[in-house]
Amino acid sequence: MRYWLMKSEPDVFGIDHLIEMPNQTEHWDGIRNYQARNFMRDDMKIGDQVLFYHSNAKKIGVVGTMEVVREAYPDHTQFDPNSKYHDPKSKEDNPRWIMVDIKFKEKFNDVVTLAELKEIPELSEMRLLQKGNRLSILPVEENEYQIIVELGRKK
DNA sequence: GCCAACGTTGGC
DNA sequence: GCCAACGTTGGC
């Protein structure tokens with residue numbers, strides 16, 4: 001089993017949106033970065049555990065956890081001319097972009113903020129905290145995942 | 001709103 | 001293949 005962190009802007013799709021979805025499950029569409037896509041396509045498996053991260057928010061940080069419930073399949077928004085994620089270069093018979101399905105697991109009482117994460121020595125190697133990181137999907141080490149979930153549950 | 005740090009595009 | 005110009009992400 002692997003561990004991941006996935007970013008989303010709460011104004012667009014936050015953890016509360018996920019909680020309100022049918023079966024508390026939603027497809028993670030709109031990924032248009034090749035590295036992030038490759039993580040989803042090649043390495044993300046059913047049962048993988050995921051930290052839900054709010055970016056561009058009043059309170060930036062990890063807000064809860066989710067689980068992968070469906071592995072990579074084509075992201076339909078790439079073929080929709082009305083979608084902001086429309087990609088005219090992507091062909092139906094050879095889709096460029098894919099997505100996975102994610103199910104809600106747990107919401108912390110409060111955000112484990114980015115500032116807090118930066119202060120924890122054990123997390124100093126986290127990819128999330130490295131300079132210049134902009135990937136919206138990142139692998140997380142098991143111990144890093146455990147530390148963050150423990151912090152969240154104490155909130 | 002600013003801007004650093006990327007990633008992508010396209011001319012050559 | 002190089003690289004300038006442009007676009008995006010995301011923290012502050």
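Every heavy atom of this structure was used, including side-chain atoms; hydrogens, water molecules and symmetry mates were not. In what follows, every chain begins at residue 1, and chains take the letters A, B, ... in the order their sequences are listed.
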message: If only side-chain N and O atoms count, and only distance matters, is there a donor-acceptor pair under 3.5 Å linking A/Thr77 with A/Arg32?
response: yes

task: Determine yes or no for a side-chain-to-main-chain donor-acceptor pair under 3.5 angstrom, with A/Asp48 supplying the side chain and A/Arg2 the backbone.
output: yes

field: Check: A/Glu26 side chain, A/Met21 main-chain N or O, donor-acceptor pair, under 3.5 Å
entry: no

A/Val140 side chain near A/Met126 side chain, heavy-atom distance below 4.5 Å: yes

- line: By side-chain contact (heavy atoms from CB on, under 4.5 Å), A/Lys154 pairs with (sequence neighbours left out) none

- request: Answer yes or no: does a side-chain N or O of A/Lys131 lie under 4.0 Å from OP1 or OP2 of B/dA5?
  value: yes

- line: When A/Lys89 and A/Asn33 are each assigned the nearest nucleotide of DNA chain B, the 5'-most assignment goes to A/Asn33

Are there any protein N/O atoms within less than 3.5 Å of an N/O atom in nucleotides 8-12 of chain C, and if so, which ones and at what distance?
from, atom 1, to, atom 2, distance (Å)
C/dT8, O2, A/Arg134, NH1, 2.3
C/dT9, O3', A/Arg134, O, 3.3
C/dG10, OP1, A/Lys7, NZ, 3.1
C/dG10, OP1, A/Arg134, O, 2.8
C/dG11, OP1, A/Tyr53, OH, 2.6
C/dG11, OP2, A/Asn56, N, 3.2
C/dC12, OP1, A/Lys118, NZ, 2.7

query: Atom CH2 of A/Trp97 to atom P of B/dG7: distance rounded to whole Å?
result: 13 Å

